[in-house]
Amino acid sequence: MSLELTIGWLYPTLMSTYGDRGNVITIQRRAQWRGYNVRVLPLDQNATGDDIKSVDLIVGGGAQDRQQEIVMRDLQGAKAGAMREKIENGTPGVFTCGSPQLLGHYYEPGLGQRIEGLGILDLVSVHPGENTKRCIGNLVIEVTATRLARDLEEMTGGKAYLVGFENHGGRTKLGKVEALGKVVYGLGNNGEDGTEGAFYQNAIATYSHGPLLPKNPFVADWLIQTALRLKYQQPISLKPLDDTLAMQAREAMFKRLKVTPSAITAHM
Ligand code: GLN
């Protein structure tokens with residue numbers, strides 16, 4: 001029997017401003033290359049709470065403030081409950097930029113009213129105003145979220161450094177939720193406290209576009225492995241793939257940004 005994976009893709013049209021669809025493609029391809037059947041289910045305005053409950057993995061991308069507001073209005077009631085249930089029950093997911101802002105308590109845009117979030121992640125995001133500089137540029141972080149850092153170290157044999165690109169006006173402050181990592185290069189959650197993203201149950205929240213997963217394929221493998229283990233309740237080990245090109249691209253980026261040599265060698 002071939003194992004199956006359903007990827008739920010949050011609002012593909014409204015929340016694809018920053019190329020995060022690359023995360024969906026990466027998960028899909030890397031699972032297919034291992035012989036798993038993959039289905040991508042758009043979780044948009046036509047989706048129901050039951051659709052959300054049916055997926056094995058969730059991907060949410062970035063969006064502009066206007067689109068975020070539309071999505072937030074749509075993600076009420078049964079849909080909000082289904083999202084909460086999935087994340088609380090350990091469904092893995094990768095949520096980028098606008099998506100974590102939605103999963104937090106609220107997002108205050110540069111212009112207009114506060115948008116209430118789902119309150120699943122204990123964080124708040126505030127855009128300080130249209131005249132404030134956006135946080136734009138390359139981003140490198142060291143994963144510090146304890147369980148994820150340990151899992152990724154086991155998978156790769158070294159400390160996990162993630163390479164990406166940030167582009168956000170909102171600044172995020174974490175409450176009791178664990179940070180995903182600490183900033184090695186770039187600004188991260190708010191440019192002040194050195195934190196980047198958040199990690200809760202098996203949900204990875206990050207400001208890192210890039211998109212994130214092609215640049216850090218071991219994270220895609222962690223998501224696939226976690227999703228299959230949860231679904232099939234059996235040990236799953238993924239066949240290794242040839243990631244030479246991705247690793248070379250990472251090395252080139254580390255060199256260009258002059259980040260520590262341990263980061264360069266960690267995943268070679
Ligand atoms: N609208 C949000 C911000 O500017 C999210 C941007 C994004 O998703 N890249 O903070």
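Ligands are counted one by one from 1 in listed order, and the atoms in each one are counted from 1 as well.
- Cluster annotation: M15 and W9 are assigned to distinct hydrophobic clusters (Ile/Leu/Val/Met/Phe/Trp/Tyr, side-chain heavy-atom contacts under 4.5 Å, transitive).
- Not a single heavy atom of R171 sits under 4.0 Å from any atom of ligand 1.
- Polar contact check, H209 against ligand 1: a nitrogen or oxygen pair lies under 3.5 Å apart.
- From the protein, the heavy atom lying nearest to atom 10 (O) of ligand 1 is G170 N, 2.7 Å.
- In terms of protein heavy atoms, atom 7 (C) of ligand 1 is closest to C97 SG, 2.7 Å.
- At under 3.5 Å, a nitrogen or oxygen of Q68, whether backbone or side chain, sits near a nitrogen or oxygen of ligand 1.
- Closest approach of N190 to K173, counting heavy atoms only: ND2-CE, 3.7 Å.
- In this structure, Y107 has a heavy atom closer than 4.0 Å to ligand 1.
- As a member of the Ile/Leu/Val/Met/Phe/Trp/Tyr network built from side-chain separations under 4.5 Å, I136 groups with F165.
- Remark: D243 does not engage R250 in a salt bridge, criterion side-chain N to carboxylate O under 4.0 Å.
- Considering backbone and side-chain atoms alike, H127 places every N or O at 3.5 Å or more from each N or O of ligand 1.
- Residues E4 and R39 are not paired through a salt bridge, judged by the lack of any N-O separation under 4.0 Å between the basic side chain and the carboxylate.
- In this structure, R66 places its CZ atom where only 12 or fewer heavy-atom neighbours from other residues, nucleotides or ligands lie under 6.0 Å away.
- Against a heavy-atom cut-off of under 4.0 Å, A63 is close to the following atoms of ligand 1: 1 (N), 2 (C), 5 (C), 6 (C), 7 (C), 8 (O).
- Within ligand 1, counting atoms from 1 as listed, the ones closer than 4.0 Å to a heavy atom of G62 are 8 (O).
- In this structure, R30 contributes its side chain and Q28 its backbone to no donor-acceptor pair below 3.5 Å.
- The atoms of ligand 1 that sit less than 4.0 Å from any heavy atom of G98 are 5 (C), 7 (C), 8 (O).
- Taking every heavy atom of G169 and a limit of under 4.0 angstrom, the matching atoms of ligand 1 come to 3 (C), 4 (O), 10 (O).
- Atoms of ligand 1 found under 4.0 Å from any heavy atom of R134 (numbered from 1 in listed order, with element): 4 (O).
- How far NE2 of H168 is from CG of N189: 7.5 Å, rounded to the nearest 0.5 Å.
- V183 approaches G188 most closely through the heavy-atom pair CG2-CA, 3.8 Å.
- Of the protein's non-hydrogen atoms, the one nearest atom 1 (N) of ligand 1 is D65 OD1, 2.5 Å.
- The shortest N or O to N or O distance between Q101 and ligand 1 is under 3.5 Å.
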